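Notes to accompany the following structure.
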Amino acid sequence: MPPLPRNQDVADALDELADVSEILGEQGFRVLAYRRAATRIRETGASVAELAQQGTAKELPGIGATIESKIVEMTETGSMSALEKRRAEVPAEVRQFLRLPGLGPKTAARIWRELGVTTLEELRVAAEQQRVRSLQGLGAKSEERILEALAKGFGPEPERRGLLGVGLPVVRQVVEELRAHPAAVQVSGAGSVRRGRETFRDLDVIATATDPAALIGHFVTLPWVLDIAARGDTKATVVTKQGLRIDLRVVPPEDFGSLLQHFTGSKDHNVALREEAQRRGLSISEYGVTVVETGEVRRFADEGDLYRFLGYEPIPPELRESSGELQAARNGSLPTLVEVGDLVGELHCHSDWSSDGKASIEEMARTAKANGYRFLALTDHSHYLREGRMEAQWQEIDEVNARVKPFKVLRGVEANIRADGAIDVADELLAELDWVVASLHHAFDKSPTERILAAIDDPRVDCIGHLTGRKLNRRAGADVDIEEVVARAVETKTALEINSQPDRLDMRDVHARLAGEAGVLVPVTTDAHSTGALGYRELGIAQARRAWLTKDQVLNTRPWREIAKLRS
DNA sequence: GCCGTTTTCGGCCCGACTGTTTTCAGTCG
């Protein structure tokens with residue numbers, strides 16, 4: 001039996017099946033169903049292959065008996081015959097045509113079938129020889145666009161997305177600048193950044209104004225604007241000197257709620273919302289809700305009013321991913337999500353005792369205290385604390401504690417999980433520590449699940465740090481069996497953190513949700529190596545909210561004496 | 001292919017933009 005396919009593998013197969021089916025001109029709604037199933041699978045924390053084998057994958061919305069059987073087939077044989085069959089019909093590179101901007105499945109199919117073009121190189125030659133324009137509906141502009149895209153080259157790399165930690169401050173700054181303008185009435189960030197998603201493609205800002213043209217004029221002349229990509233009466237797009245795209249939409253005050261809802265997304269959330277409304281004879285767009293029968297249009301200045309009108313509790317942006325939030329909002333069973341202000345302590349951070357640390361223990365402690373925290377577990381890397389240095393650090397911690405009372409610095413460590421699963425700190429030292437984080441730092445491909453389970457089983461380990469070791473845009477995480485790890489963590493009362501580093505945010509949202517539902521207490525930590533990095537907690541909190549976590553499910557919302565009691 | 005407080009059959013979000021066209025299909029978000 002082949003190894004169990006990961007959710008990513010299953011989703012990729014379904015997406016490819018959708019692509020080739022579409023090029024072959026199969027029924028659009030079936031293609032849509034494949035894509036929806038792929039998205040659902042990517043956003044599922046549990047192993048869909050396992051669910052399919054148990055016959056319960058079809059309980060996931062968008063997955064029925066047919067797709068479940070395809071997943072079972074892939075689990076048992078390593079491939080899907082429906083996909084293999086179509087792969088044999090569509091030349092491999094024709095699928096790549098879809099990645100060219102403005103080129104969809106219909107056009108790709110015609111280029112292949114009517115021109116006999118089967119590779120990107122042949123497509124380039126055909127466009128140069130002006131043969132593409134011989135197709136009905138395509139002209140010189142189309143050829144130009146194709147050549148331009150091909151010349152730019154698009155490698156196998158998926159597009160890089162910006163990090164939330166980069167986008168969030170930019171959106172805040174833009175919103176602040178626009179609010180300060182006399183023409184502005186209401187201004188808000190929208191889009192995936194408002195949903196707290198870990199990465200973004202572009203940044204969205206919406207506004208109402210007494211003089212929209214004046215506000216847009218101000219927007220496009222902000223000092224960090226490099227280029228104006230589009231500029232009209234109600235919207236503009238600029239590119240910043242950092243290379244970020246920012247969209248601004250300006251609407252009348254009475255439509256602010258509808259527009260904010262529309263541009264916050266997600267797309268899937270909006271589609272699901274509109275489908276439910278449609279069944280009740282309502283049509284939703286960014287301009288309001290139309291009662292289809294009468295043609296009457298309801299407009300909403302307030303986003304919450306829009307949700308309430310449709311029969312839902314207002315849904316926090318972080319939950320708008322079409323993963324159960326509509327049903328919960330209808331039943332009135334939305335969770336009360338954890339907030340930044342609920343955090344009272346730090347459980348993973350570093351000082352200059354680690355060579356990559358920038359601040360002293362006292363500086364870290366004083367900054368945490370100024371942020372409203374009451375304790376901080378100092379968890380410097382174990383390999384900088386060898387040969388008596390750990391004992392020396394404890395002495396400094398004692399001295400700092402005397403000066404920062406009643407704030408408390410705790411003796412901690414971030415231990416390394418060795419390739420054999422052992423923790424690289426001596427037993428007699430571990431016994432003296434208040435808080436032990438264990439993390440993978442190398443050999444990510446060497447039995448990561450087994451090593452993490454070994455660390456969890458070690459009674460002196462309190463928390464697993466950055467579970468998969470992923471670095472956004474740089475490396476995928478280790479292939480960790482999340483469900484097994486979560487189950488063992490529940491058994492042993494071991495914590496699994498959400499690491500707030502902008503390029504980690506590890507555990508990811510759906511895994512943290514799985515952990516929370518299973519009963520794991522999840523600390524939101526910063527892994528700060530400087531005083532400023534303690535501010536990353538807002539990123540981790542966004543991730544925790546996306547994982548549906550409440551204050552009770554986040555460990556470091558509790559005072560240290562309670563946490564100390566829980567570790568045993 | 002999925003799904004159901006109108007439906008187990010007959011639907012499937014909505015609007016803007018683009019390039020190509022004289023009314024629209026395809027693509028995108």
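Just so it is clear, the structure is predicted and the values come from calculations on it, not from any experiment.
- Spacing between atom CD1 of A:I67 and atom C1' of B:dC3 amounts to 12 Å, rounded to whole angstrom units.
- Interatomic distance, A:D506 CG to A:E198 CD, rounded to the nearest 0.5 Å: 9.5 Å.
- B:dC13 and B:dT27 have their C1' atoms separated by 16 Å, with the value rounded to a whole Å.
- Between B:dC2 and A:R35, no contact under 4.0 Å exists linking OP1 or OP2 to a side-chain N or O.
- Nucleic acid contact for A:A109: none, since no nucleic acid atom lies under 4.0 Å from a heavy atom of the residue.
- A:L32 comes within contact range of no nucleotide atom at all, as no heavy-atom separation falls under 4.0 Å.
- Comparing B:dT21, B:dG1, B:dT27 against the side chain of A:R30 picks out B:dG1 as the nearest.
- An OP1 or OP2 oxygen of B:dG11 is reached within less than 4.0 angstrom by no side-chain nitrogen or oxygen of A:Q278.
- B:dG11 sits 12 Å from B:dT6 when the C1' atoms are compared, rounded to a whole Å.
- Atom CG of A:L14 and atom C1' of B:dG1 are 11 Å apart (whole Å).
- Distance check on atom C1': B:dC9 versus B:dC14 gives 25 Å, rounded to whole Å.
- Considering only the side chain of A:A33, B:dC2 comes nearest among B:dG29, B:dC2, B:dT20.
- Pair assignment for B:dT8: none, as no Watson-Crick or G-U wobble contacts are both less than 3.5 Å.
- Nucleotide B:dC13 holds its P atom 14 Å from the CG atom of A:L326, rounded to whole Å.
- For B:dG1, the OP1/OP2 oxygens have no side-chain nitrogen or oxygen of A:Q27 closer than 4.0 Å.
- Heavy-atom nearest nucleotides on DNA chain B were determined for A:A140 and for A:T66, and the one closer to the 5' end corresponds to A:T66.
- The side chain of A:Y287 places an N or O atom within less than 4.0 Å of a non-bridging phosphate oxygen (OP1 or OP2) of B:dA16.
- Heavy atoms from other residues, nucleotides or ligands lying under 6.0 Å from CZ of A:R245 number 12 at most.
- Between A:S285 and the phosphate of B:dC13, there is no side-chain N or O to OP1/OP2 separation shorter than 4.0 Å.
- Going from the P atom of B:dG10 to that of B:dG15 covers 26 Å, rounded to whole Å.
- Side-chain contact between A:V187 and A:I206 is absent, with no heavy-atom pair separated by less than 4.5 Å.
- Salt bridge status for A:E16 with A:R86: absent, with no side-chain N to carboxylate O gap under 4.0 Å.
- Contacts of A:R36 with the nucleic acid, taken as non-hydrogen atoms under 4.0 Å apart, involve only primed sugar atoms and P, OP1 or OP2.
- Separating the CG atom of A:L273 from the P atom of B:dG29 is a distance of 21 Å, rounded to the nearest angstrom.
- Taking atom C1' on both nucleotides, B:dT7 is separated from B:dC2 by 14 Å, rounded to a whole Å.
- Close to B:dC13, at under 4.0 Å from its OP1 or OP2, lies no side-chain N or O of A:S283.
- Between A:E26 atom CD and B:dC2 atom P there is a gap of 14 Å when expressed in whole angstrom units.
- The side chain of A:K70 places an N or O atom within less than 4.0 Å of a non-bridging phosphate oxygen (OP1 or OP2) of B:dG1.
- The P atoms of B:dT20 and B:dA16 are separated by 22 Å, rounded to the nearest whole Å.
- By the criterion of a centre-to-centre distance under 5.5 Å and near-parallel planes under 30°, the ring of A:F29 forms no stack with the base of B:dC2.
- What separates CG of A:L83 from P of B:dG1 is a distance of 13 Å, to the nearest Å.
- The line from CG of A:L14 to CZ of A:R42 is 9.0 Å long, rounded to the nearest 0.5 Å.
- Residue A:E275 contributes atom CD, which lies 15 Å from atom C1' of B:dT7 at whole-angstrom precision.
- A:Y307 and A:Y312 have perpendicular rings, their planes meeting at more than 60° on a 0 to 90° scale where under 30° would count as parallel.
- In this structure, of B:dG29, B:dG19, B:dT27, it is B:dG29 that holds the atom nearest to the side chain of A:K267.
- Residue A:S258 holds its OG atom at 9.0 Å from CD of A:E286, rounded to the nearest 0.5 Å.
- Between B:dT5 and B:dG1, the distance separating the two P atoms is 23 Å to the nearest Å.
- When each of A:N270 and A:G62 is assigned the nucleotide of DNA chain B with its nearest heavy atom, A:G62 is the one assigned upstream, toward the 5' end.
- Separating the CZ atom of A:R274 from the C1' atom of B:dC14 is a distance of 5 Å, rounded to the nearest angstrom.
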